[in-house]
Amino acid sequence: MREAIARAEVGDDAYGEDPTVAALEAEIAELFGHEAALFTPTGSMANQIAVQLLVPPGAELLCDADAHVVSYESGAAAALGGITTRTWPAAGARLDPAVVAGMIRPEGYSAVPTRAIAIEQTHNRAGGAVLPLATLRELRRIADETGVGLHCDGARIWHAHIADGVPLREYGVLFDTLSVCLSKGLGAPVGSVVVASAEKIERARRIRKRMGGGMRQAGVLAAAGRYALRHHVARLAEDHARAARLAEALAPFGVVSGEVRTNIVPLDLSGSALDAPTLSAAARAEGVLISVLGPRAARLVTHLDVDDAGVEHAIAVLTRLLRRPS
Ligand SMILES: Cc1ncc(COP(=O)(O)O)c(C=O)c1O
């Protein structure tokens, strides 16, 4: 990847003259069966651009209560887009499309009309859960019937593609907009991409500029993304297998909350002597990094920098800590 970065041909992307950025955008649009795509510095910016494409100020977006777009993007939909967000109770992959359909509000005097629905594939806070294709198809049908847009926060859509074997294009064509990320499981240092129609991507370019996300010789970053697409998608199966191994080893402690299908192992420490910050600090001291999601909730993630030896080390450290009496 470092070599691909060093060799990247670059130009000024503010003028649409960076050939590596253009190639990345064309490749990703094609992969998802859309007309166009736009490179952004972060997944949050990609999501917020997409949401602004679908929802005008004063209208609303519906999403899961635990969605990244409403939980971890610093209130950007409201602060930057003037968008109201209403959430359905956190459901992860068990989302019932009928619940979403029941929430859609029509246009009307003093109403806040629903203009878009956002889903997350895979679902980060739901432990990397994979929404079934049938659920997504039903959401598409509801969106068509009610005239609202459908956005996919596909930061980890690659993982869903590997876990369920659904072609990326089959996912892509179900949505009006997608954001996909190159810097998480795929291991590029920077970058996400908004995928949509040519008309929407033209508007997206202006919104990105307004957010300060227009970049110049960004081909060095796009080159890393192109390398990641070629070399780091199929191997996600290894990360999934390592997460399953972690989950299996920790299962006897009753701390793994939910089925582990991809690269995230969610931990619920309610019944454990250690709370999440204590476990995280003790594990960190032995070289095992854990995300704390709440006082009793944590998350283990496997990725391309974690090999089998790393997983076995994590298992040894965590089982010792979890076994320790308080
Ligand atoms: C599901 C999901 N969407 C979007 C993002 C935002 O990505 P970034 O950190 O690049 O802004 C994340 C980050 O973890 C995420 O998990």
Side-chain angles (χ1 to χ4, degrees), residues 24 28 32 37-54 61 63-77 79-81 83 85 87 90-93 95 116-131 136 150-163 171 175 177-195 204 207-208 211-213 215 218 221-222 224-225 228 232 236 239 243 258 260-266 289-294 297-305:
L24 172 73
I28 294 205
F32 288 93
L38 185 75
F39 189 47
T40 63
T42 66
S44 300
M45 188 184 285
N47 271 338
Q48 294 301 325
I49 289 172
V51 164
Q52 286 189 39
L53 285 173
L54 299 177
L61 171 76
C63 68
D64 188 283
D66 270 349
H68 195 281
V69 74
V70 70
S71 307
Y72 296 121
E73 295 181 11
S74 302
L80 306 180
I83 293 166
T85 310
T87 59
L95 172 62
I117 300 162
I119 63 95
E120 195 169 302
Q121 181 77 310
T122 65
H123 196 304
N124 178 9
R125 276 194 66 107
V130 184
L131 277 88
L136 303 178
L150 191 58
H151 170 64
C152 174
D153 175 351
R156 297 181 186 79
I157 198 161
W158 325 102
H159 299 80
H161 159 63
I162 294 296
Y171 281 136
F175 299 98
T177 54
L178 298 100
S179 62
V180 301
C181 187
L182 303 162
S183 72
K184 297 186 177 63
L186 298 197
V190 168
S192 279
V193 177
V194 183
V195 186
I207 300 172
R208 182 184 67 177
M211 288 180 167
M215 295 180 282
L221 305 174
H232 294 166
L236 291 174
D239 296 344
V260 171
R261 299 256 357 259
T262 57
N263 68 326
I264 298 177
V265 182
L289 305 181
I290 298 175
S291 295
V292 174
L293 302 183
R299 179 183 90 143
L300 314 176
V301 175
T302 53
H303 52 79
L304 83 174
D305 298 322

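We count ligands from 1, going down the list as the structure has it; atoms in each ligand are counted the same way. Both backbone and side-chain heavy atoms feed into the values below; hydrogens, waters and symmetry mates do not.
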Which protein N or O atoms sit under 3.5 Å from any N or O of ligand 1? Give atom names and distances.
unit_1: ligand 1; atom_1: 3 (N); unit_2: Asp153; atom_2: OD1; d: 3.1
unit_1: ligand 1; atom_1: 3 (N); unit_2: Asp153; atom_2: OD2; d: 2.7
unit_1: ligand 1; atom_1: 7 (O); unit_2: Lys184; atom_2: NZ; d: 2.8
unit_1: ligand 1; atom_1: 10 (O); unit_2: Gly43; atom_2: N; d: 2.8
unit_1: ligand 1; atom_1: 10 (O); unit_2: Lys184; atom_2: NZ; d: 3.4
unit_1: ligand 1; atom_1: 11 (O); unit_2: Gly43; atom_2: N; d: 3.4
unit_1: ligand 1; atom_1: 11 (O); unit_2: Ser44; atom_2: N; d: 2.8
unit_1: ligand 1; atom_1: 11 (O); unit_2: Ser44; atom_2: OG; d: 2.7
unit_1: ligand 1; atom_1: 16 (O); unit_2: Asn124; atom_2: ND2; d: 3.1
unit_1: ligand 1; atom_1: 16 (O); unit_2: Arg156; atom_2: NH1; d: 2.8
unit_1: ligand 1; atom_1: 16 (O); unit_2: Arg156; atom_2: NH2; d: 3.3

Original post:
Do side-chain atoms of Asp64 reach the backbone of Ala91 as a donor and acceptor pair under 3.5 angstrom?
Top reply: yes
**OP:** Without swapping roles, check the side chain of Thr262 against the backbone of Gly128 for a donor-acceptor pair under 3.5 Å.
**Re:** yes
Original post:
Is there a donor-acceptor pair under 3.5 Å between the side chain of Gln121 and the backbone N or O of Cys152?
Top reply: no
Subject >> Test item: Leu182 and Phe39 side chains (from C-beta on) under 4.5 Å apart, heavy atoms >> reply: yes
Original post:
Does the Asn263 side chain pair with the main chain of Thr302, one donor and one acceptor, at a distance under 3.5 Å?
Top reply: yes
Original post:
Which pairs count as side-chain hydrogen bond (donor to acceptor under 3.5 Å, both in side chains) when at least one residue sits in residues 38-48, sequence neighbours excluded?
Top reply: Asn47-Glu73, Asn47-His151, Asn47-Asp153, Asn47-Ser179, Gln48-Glu73
